[in-house]
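Everything on this sheet refers to the single structure shown next.
Given the structure is predicted, the values throughout are model-derived calculations rather than measurements.
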Amino acid sequence: MAAKAPGLIALFDVDGTLTAPRKVATPKILEFMQELRKVVTVGIVGGSDLVKISEQLGKSVINDYDYVFSENGLVAHKDGLLIGTQSLKSFLGEEKLREFINFTLHYIADLDIPVKRGTFIEFRSGMLNVSPIGRNCSQEERDEFEKYDKLHNIRPKMVSVLCEKFSHFNLTFSIGGQISFDVFPRGWDKTYCLKYLDEFNEIHFFGDKTYKGGNDFEIYESERTKGHAVTSPEDTVNQCTTLFLSRQE
């Protein structure tokens with residue numbers, strides 16, 4: 001097999017791209033990604049924290065890929081080493097953070113949905129993850145909420161309210177996965193990870209939430225990337241095989 005292509009990197013979202021939402025990657029996908037890594041530099045960029053990404057892609061994820069960007073790249077690893085972090089608390093300050101959290105919890109408390117569980121707001125290093133149903137729900141409850149949300153637009157309506165209420169906070173709201181959305185300062189979307197990739201002149205990104213409002217939209221549309229919308233891990237494999245592996249044969 002030919003040597004790894006210089007100046008080229010392939011970046012991958014996790015949920016819906018390498019795994020089914022919040023599920024573990026199959027051995028076939030993990031094996032494919034290591035084969036791909038032989039011919040191109042490979043990076044992972046997810047909205048979740050490193051713990052959740054590790055649950056899906058393996059405990060050694062930061063060593064299995066050239067770059068791992070958790071929380072959109074606000075926590076960045078290269079070759080297994082931490083190379084950068086960013087803090088939401090330092091950006092907003094405790095008073096604004098408390099104001100936002102209080103309002104959001106009141107909104108969820110008044111929300112009339114069939115099921116509520118626990119952990120409605122998860123505080124991460126560089127963002128908040130907000131879930132109307134609560135992240136402690138079961139997989140079955142997660143699947144049912146996703147269907148309910150598509151019918152009643154619970155998350156889009158909530159995002160619209162928060163956008164208007166906190167427009168002066170300079171925040172971005174990004175819907176991803178099945179049950180939640182991320183909240184972070186404007187510019188701290190997945191394009192944030194690109195600051196670490198100046199050595200690459202060809203950056204391919206693969207993601208499933210590439211529509212406006214989805215958490216892959218900004219990096220998919222970025223002038224610095226060649227965006228590829230995928231529908232499943234199998235679609236990711238097929239597209240990458242055509243783009244990177246077939247031309248190596």
Side-chain angles (χ1 to χ4, degrees), residues 13-26 46-57 70-72 88 92 96-167 169 171-184 188-190 207-218 229-235:
D13 166 54
V14 182
D15 279 0
T17 301
L18 297 181
T19 75
R22 284 299 298 136
K23 294 186 179 179
V24 176
T26 65
S48 296
D49 59 29
L50 186 59
V51 171
K52 291 183 177 61
I53 291 175
S54 298
E55 288 172 355
Q56 293 179 269
L57 299 182
S70 52
E71 301 186 44
N72 292 348
L88 176 65
L92 281 180
K96 287 184 177 179
L97 194 55
R98 185 172 63 250
E99 180 184 349
F100 180 89
I101 290 173
N102 286 346
F103 180 90
T104 303
L105 288 175
H106 277 293
Y107 183 98
I108 293 174
D110 294 335
L111 197 59
D112 185 17
I113 57 177
V115 171
K116 290 181 183 177
R117 293 297 179 252
T119 311
F120 300 102
I121 298 179
E122 184 175 80
F123 189 90
R124 299 175 181 172
S125 298
M127 66 175 68
L128 296 175
N129 180 264
V130 179
S131 175
I133 185 177
R135 297 195 63 87
N136 289 357
C137 62
S138 67
Q139 185 61 53
E140 182 181 357
E141 290 165 343
R142 177 183 290 265
D143 293 340
E144 287 302 313
F145 177 81
E146 182 180 28
K147 296 175 185 176
Y148 187 86
D149 186 47
K150 287 179 179 178
L151 184 62
H152 298 282
N153 294 312
I154 302 300
R155 287 184 293 174
K157 289 177 182 177
M158 188 172 180
V159 164
S160 179
V161 170
L162 293 174
C163 277
E164 182 176 355
K165 172 69 176 178
F166 296 100
S167 59
F169 279 17
L171 296 172
T172 293
F173 300 83
S174 185
I175 296 173
Q178 296 177 287
I179 62 168
S180 63
F181 57 90
D182 294 327
V183 184
F184 46 84
W188 289 17
D189 51 66
K190 286 183 179 176
D208 67 313
K209 298 287 193 304
T210 57
Y211 50 81
K212 189 172 179 61
N215 62 359
D216 298 322
F217 175 75
E218 290 84 2
V230 302
T231 58
S232 65
E234 292 72 26
D235 187 32

At what distance, to the nearest 0.5 angstrom, does [atom1] of [X] lie from [atom2] of [Y]?
| X | Y | atom1 | atom2 | answer |
| --- | --- | --- | --- | --- |
| Y148 | N153 | OH | CG | 11.0 Å |
| I154 | I179 | CD1 | CD1 | 13.5 Å |
| L128 | F181 | CG | CZ | 9.5 Å |
| M127 | L88 | CE | CG | 9.0 Å |
| R142 | D149 | CZ | CG | 12.5 Å |
| K212 | E218 | NZ | CD | 7.5 Å |

Query raised in the report: Is the ring centre of F166 less than 6.0 Å from the ring centre of F100?
Result: yes
Taking the side chain as C-beta and beyond, is there a heavy-atom pair between [X] and [Y] under 4.5 Å?
| X | Y | result |
| --- | --- | --- |
| F217 | S174 | no |
| F169 | L162 | no |
| I133 | E144 | no |
| V159 | V130 | no |
| W188 | N72 | no |

Using every non-hydrogen atom in the two residues, find where [X] and [Y] come nearest and quote the distance to one decimal.
| X | Y | value |
| --- | --- | --- |
| A25 | L18 | CB-O, 3.9 Å |
| F173 | C163 | CD1-SG, 3.3 Å |
| S180 | N129 | OG-ND2, 3.1 Å |
| L50 | S70 | N-CB, 3.7 Å |
| L171 | L92 | CD2-CD2, 4.2 Å |
| S48 | K52 | CB-CB, 3.8 Å |

Requested in this report: Would you mind telling me which of Q178, K209, Q56, K23 makes a side chain to side chain donor-acceptor pair (under 3.5 Å) with D15?
Outcome: Q56
Query - Positive for side-chain contact (heavy atoms from CB on, under 4.5 Å) with F145, one of C137, P132, S131 - result: P132
Query raised in the report: Are the side chain of E141 and the backbone of V115 linked by a donor-acceptor contact shorter than 3.5 Å?
Result: no
Query raised in the report: Under the side chain to side chain donor-acceptor pair (under 3.5 Å) rule, what pairs show up with a residue in residues 100-110, not counting sequence neighbours?
Result: none
Query raised in the report: Just by distance, with hydrogens left out, do N136 and T119 show a side-chain donor and acceptor under 3.5 Å apart?
Result: yes
Report task. Go through the steps for D49 and E122 under the test side chain to side chain contact (heavy atoms under 4.5 Å, CB included), then give the verdict. Result -> CA-CA 10 Å; D49 59 29; E122 184 175 80; 4.2 Å; yes
Query - Ionic contact status for E99 with K96, cut-off 4.0 Å - result: no
